[in-house]
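In the text below, chain A, chain B and the rest are named by the order of the sequence lines, each starting its count at 1. As a basis for the values below, the full set of heavy atoms in this structure was taken, side chains included, without hydrogen atoms, waters or symmetry mates.
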Amino acid sequence: MLQHTTEAVGAHGTFHPFLLGWIVLLPLLGFLINGVLALMWWRRGPAPAGPEPSEQEAHAHGGDAHPGVEEQHPAPLDKPWTRTLPSLVAPGVVLAAFAIALVNFWGMLGAELHEPVIERYWSWMPVGSLQVDAALQLDQLSMLMTLIITGVGALIHVFSVGYMREDPGYPRYMAYLNLFIFFMLVLVLGASYPVMFVGWEGVGLCSYLLIGFWFKEQANADAGKKAFIVNRIGDAGFLIAMMLMFANLGTLSFSEVFAAAPGGLAYGGVVVTAVCLFLFLGAAGKSAQIPLYIWLPDAMAGPTPVSALIHAATMVTAGVYLVVRSSVLFTMAPTASLVVALIGALTAIFAATIGLKQWDIKKVLAYSTVSQLGFMFAAVGMGAYVAGVFHLMTHAFFKACLFLGSGAVIYAMHHALHATHNPADAQDMRNMGGLKRYLPVTFATMGIATLAIAGVPPFAGFFSKDEIIGAAWLGAGGTSPMAQATLLGIPGTAVMGFIGGTLTIAALLTAFYMGRMMLYTFFGPNRTGAEEERHLHEAGPTMTVPLVALATLSAVGGFLNVEHEVPIVGWFDFGQGAALHHWLHPVIAGSEEVVRANLGELMEPHHAWWPIVLAIVIGVGGLLLARALLNPDALRPAGVEPDYTSAPERVLYNKYWIDELYHALVVRPVNVVSQVFYRVFDRGIIDGIVDGGARMLQGIGLYTGTRVQTGQTNTYAFVIIIGVLVVLGAFTL
Amino acid sequence: MIAQTLPANAGLYLSAILFAIGVAGVMIRRNAIILFMCIELMLNAANLAFVWFSPFAGVQGQVFVFFVIAVAAAEAAVGLAIILAVFRHKETVNINEFSLLRF
Amino acid sequence: MLGLSEILFYFFGGMAVVSAVAMITRENPVASALWLIMTFFSLAAIYTLLGAYFIGIIQILVYAGAIMVLFLFVIMLLNLGNEYEPDIRGKTWLAMGAGSGLVLLGLLARMFSGETAPLGRQAGPRALANHVADVGVVNVIGLPLYRDYMVSLQATAILLLIACIGAVVLAKRKF
């Protein structure tokens, strides 16, 4: 398999990818090792010796109540290596992949790479004119994604060692996590849409497996199914987009599609617009955009490191990656791009409002993730591809940090509640409060990440979010390639002005709900209980070290892309300038080519100072507003503290009843229709035909069979020979 | 010495004759062992066609003959073992007595 | 004018047909088996005449030597050589057998009557002869066997092993 040919496309200095296949293979190897361990363990005795936590208790503890539950009564055949080996193998393989990725990154830095490097392994689908190779493609974008996936992934693996070590399904968990990394790498390194789709489906599978990791509780299993089914809707869009591309361009590999599309498809034409909209449907499913965002908040039923890795840092950003990867197509379809941007902006503000009133700490972060993904889609939809990727990267840092921090909080809360047999919810912020005294490291790291996501300079989120909002204001001024397009008759500049305003408000809300979360979790008096308070303490270094690393990245990650000419932002240019822009330039050169060919030279952007000041005011102001309006001292524990009563608060707390709406509009009718089909069509007609056919054959067989089946071999031989003669006769006569 | 001046398809006709004899044998005999021998004869007829073609279509024909011989050996061993086992049970090799599976 | 090899071909071909007919018409199974061995020898000779030397040897070693000995062994083990019951069927079946054999022969002959030698009647055998002279008798079949058909060869080996085990299990007296 490793006998491959490196196709050197174009001139790319002296860069040759180093062990590219192994980046992908190593996590798969880890999956196999951990999977075998999990199977052995499962075979030896899956049931823990002690009594299961009662249904009521497990329910009261909420989704994440399990880590550590089994510590007092380990599984009967629990050998030390079943925990030690996964702890070494799972983070080890990801770290090794990260190291190989770094070597490749080093090589790419030195070489001027204008075209992606494609490694062909074998021909996967040679069907007629459809030729799909099992090939990997390395360029600046996939390099960046690989570094994020393996780097952040390795940190989260290390965190998982601390978080999940006591869980009875530990090797299985690590196996799924490694498998996820494998598929995610296939997704970003694939050299064609079908190969990418393999990774796309694979990460969906791993997401399903990990959301429903504690599948003994119905709610968790249901959440997994919901994620899987909602994603299928998006995947259908992805498939249709691929079919359209193949029908119109005759190829599906990235390099060929992007080379053929500008000549083969009309700029702004129906075909390319349809392709882009269907691609975006797929992206909306995977990246939780309106109307398919509903699965992501439920996905919090999985273990918290999974939420950090899959549902914040990597998988949910696959949609953004897809749009950036297809930037040539999206630039050719400005109307579709405007749809992407508009949906992104609406998702950003919609999810942010829901996040304002959630009590579950992970739900807040989940809606925050949906909202931030909306920011990214708004960026890529306006043609600001680099800004989108930049926010993707910084978001991976600070959101992973926030999720892991919340994991550390839940872990501490759970241990405290478990030690005192308190059935309270470990994830409800009403039960927390004042935790900064007990969890200083978690508080400090989450604090930095909060400053980053709120957009306080000079933390990472400030630069990336500011670039997106700035792009919207600039686009409203006419510098975006989508400015001349119209969406339902509304000019693109107006749409982008609307997006700019929406994103600004969403940014304010982001700062506010993050401030609220920090305030209720870490400040004020402790509401866990006097007895429980004594058990609250920081977790071990396997959990704090990744937190510190991610907090550091959240603090300094924004300096990677500082545009010197932008006021205020330019102060932070220490000579690196817009490094990410230059790095990613070859990836989006194709789309710039399209713009030049169809629109001529675009207006030079003129950076005003007021959006920057506004962004800073909003970031800092949102946090201060939360401090001023909310009083953690007055909050009481869940159960005592009343639920929201005023109408707007209830609307937000209940997430606009969108789930109920979908249930009434989609799930119920589908159920009714399928019941009708089941009873009338399936049972009546199909089963009737099959059963009737079988009965008829049975009758014929009973009648003739006893006559033809003489039991005499010569007769059978004669029948066979008659058959041979008929066939031969048909050929010769 | 390789025959180069044989008339067209002489070997194929010979193969067809031997195959037809094998077919006729399967139909007129009742002894299981002789049926087996007829089957071997048909396999050999096919082999002859393979060998006849090999100068024109490549030596793969001879490779296939090799495989046919190997499979025939396996078949003979297992088949005769079955006949042996059935004979112990029925005290005969007349295939028309072997009709236990008849519906 | 018939050359020596052509004469030999017709001689052995005729012998193969005659002994095959004798095989299906002898009542004694031992006689049938011996006539079949005769057919196999004739075929081995024909293979050799056609340039397939290795196949000819294998035919004698494996078919005539091993498989037919196995047949004879079983016949004698079951004592069928002396106490055989007449097993040739009645006139109806004889007619059906001969009829279907003849129809089959006719169809096959019609199928084979077309041109089947794309390289020409002379060129093919000459090329094969040159090839045999180049690489040697065994290499002609050995090289493709071990290069292109490696997997099939291994599969055959496993098949033979399984057949061995199967034969032992089936023929064993007590399970």
Side-chain angles (χ1 to χ4, degrees), chain B residues 1-6 8-14 16-25 27-31 33-34 36-38 40-41 44 47-48 51-56 59-60 62-63 65-67 69-74 76-78 80-85 87-88 93-94, chain C residues 3 5-6 9 13 16-17 20-21 23-24 29 32-33 36 43 47 49-52 55 58 62 67 70-71 74-75 78 87-89 93-94 96-98 100-101 104-105 108-109 112 116-119 121-122 124-126 128-129 140-141 144-145 149 152 156 159-160 163 166-167 170-171:
Chain B
M1 173 172 59
I2 296 180
Q4 289 176 10
T5 52
L6 285 169
N9 304 334
L12 295 179
Y13 291 133
L14 179 58
I17 293 167
L18 289 176
F19 194 86
I21 293 171
V23 166
M27 295 197 36
I28 62 172
R29 299 300 293 251
R30 289 199 204 91
N31 188 327
I33 296 178
I34 292 185
F36 256 104
M37 295 199 287
C38 292
E40 299 289 338
L41 182 64
N44 267 275
N47 282 355
L48 178 58
V51 172
W52 178 264
F53 274 121
S54 75
F56 310 112
V59 286
Q60 289 96 319
Q62 298 188 27
V63 176
V65 171
F66 180 84
F67 285 127
I69 292 175
V71 171
V78 175
L80 289 173
I82 291 174
I83 290 172
L84 215 58
F87 184 82
R88 285 214 192 92
V93 289
N94 184 339
Chain C
S5 61
E6 281 71 37
F9 178 84
V17 173
V21 171
M23 187 269 278
I24 65 166
S32 280
L36 186 59
L43 281 173
Y47 292 161
L49 281 173
L50 293 176
I55 296 298
I58 289 285
V62 177
I67 298 181
L70 192 62
F71 272 95
V74 171
I75 291 168
L78 302 184
D87 69 316
I88 299 182
R89 307 191 68 145
W93 276 100
L94 274 178
M96 276 161 75
S100 48
L104 183 70
L105 183 59
L108 285 175
F112 290 150
T116 50
L119 291 177
R121 191 54 47 200
Q122 310 276 325
R126 212 174 293 127
L128 182 66
V140 166
I141 182 166
L145 195 59
Y149 297 93
S152 316
T156 310
L159 175 76
L160 285 171
L170 283 168

Heavy-atom distance under 4.5 Å to chain B: side chain of [X], backbone, both or neither?
X         : answer
Ser32(C)  : both
Ile67(C)  : side chain
Val140(C) : both
Leu36(C)  : side chain

Pick from [options] with the largest number of heavy-atom pairs that fall under 4.5 Å of chain C:
options                                : answer
Ile83(B), Asn47(B), Asn94(B), Val71(B) : Asn47(B)
Val51(B), Ile34(B), Leu80(B)           : Leu80(B)
Ile82(B), Leu48(B), Val78(B), Leu41(B) : Leu48(B)

Of all residues at least two apart in sequence or in a different chain, which pass the side-chain contact (heavy atoms from CB on, under 4.5 Å) check with Tyr13(B)?
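Expected list: Asn9(B), Ala109(C), Phe112(C), Ser113(C).
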
Can you list everything that forms a side-chain contact (heavy atoms from CB on, under 4.5 Å) with Ser54(B)? Sequence neighbours excluded, please.
Gln62(B), Leu128(C)

Leu43(C) side, atom CG; Asn44(B) side, atom CG - distance, nearest 0.5 Å:
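Spacing of CG (Leu43(C)) from CG (Asn44(B)) equals 5.5 Å.
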
Hey, could you give me the CG/CG distance between Leu84(B) and Leu170(C), rounded to the nearest 0.5 Å?
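Nearest 0.5 Å value for the CG-CG distance: 9.5 Å.
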
List the atom of [X], the atom of [Y], and the distance in Å for their closest heavy-atom pair.
X         : Y         : value
Ala20(B)  : Leu104(C) : CA-CD2, 4.2 Å
Phe67(B)  : Leu145(C) : CZ-CD1, 3.7 Å
Phe9(C)   : Ala10(B)  : CE2-CB, 3.8 Å
Gly97(C)  : Ala24(B)  : O-CB, 3.7 Å
Met27(B)  : Trp93(C)  : O-CE3, 3.6 Å
Pro144(C) : Val59(B)  : CG-CG2, 4.1 Å

Between [X] and chain C, which part of the residue has a heavy atom less than 4.5 Å away: side chain, backbone, both or neither?
X        : answer
Val23(B) : side chain
Ile17(B) : both
Arg88(B) : side chain
Ile21(B) : both
Phe87(B) : side chain

Would you say Arg29(B)'s side chain and Ile24(C)'s backbone share a donor-acceptor pair under 3.5 angstrom?
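At least one qualifying donor-acceptor pair exists.
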
Give the C-alpha distance, both sets of side-chain angles, the deciding distance and a yes or no for side chain to side chain contact (heavy atoms under 4.5 Å, CB included) between Val17(C) and Leu14(B).
CA-CA 8 Å; Val17(C) 173; Leu14(B) 179 58; 3.5 Å; yes

Evaluate the side-chain proximity of Ile58(C) to Val65(B): yes if any heavy-atom separation is below 4.5 Å, no if none is.
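Heavy-atom side-chain distance check fails, nothing below 4.5 Å.
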
Pick from Ile75(C), Val74(C), Leu70(C), Leu78(C) with the largest number of heavy-atom pairs that fall under 4.5 Å of chain B:
Leu78(C)

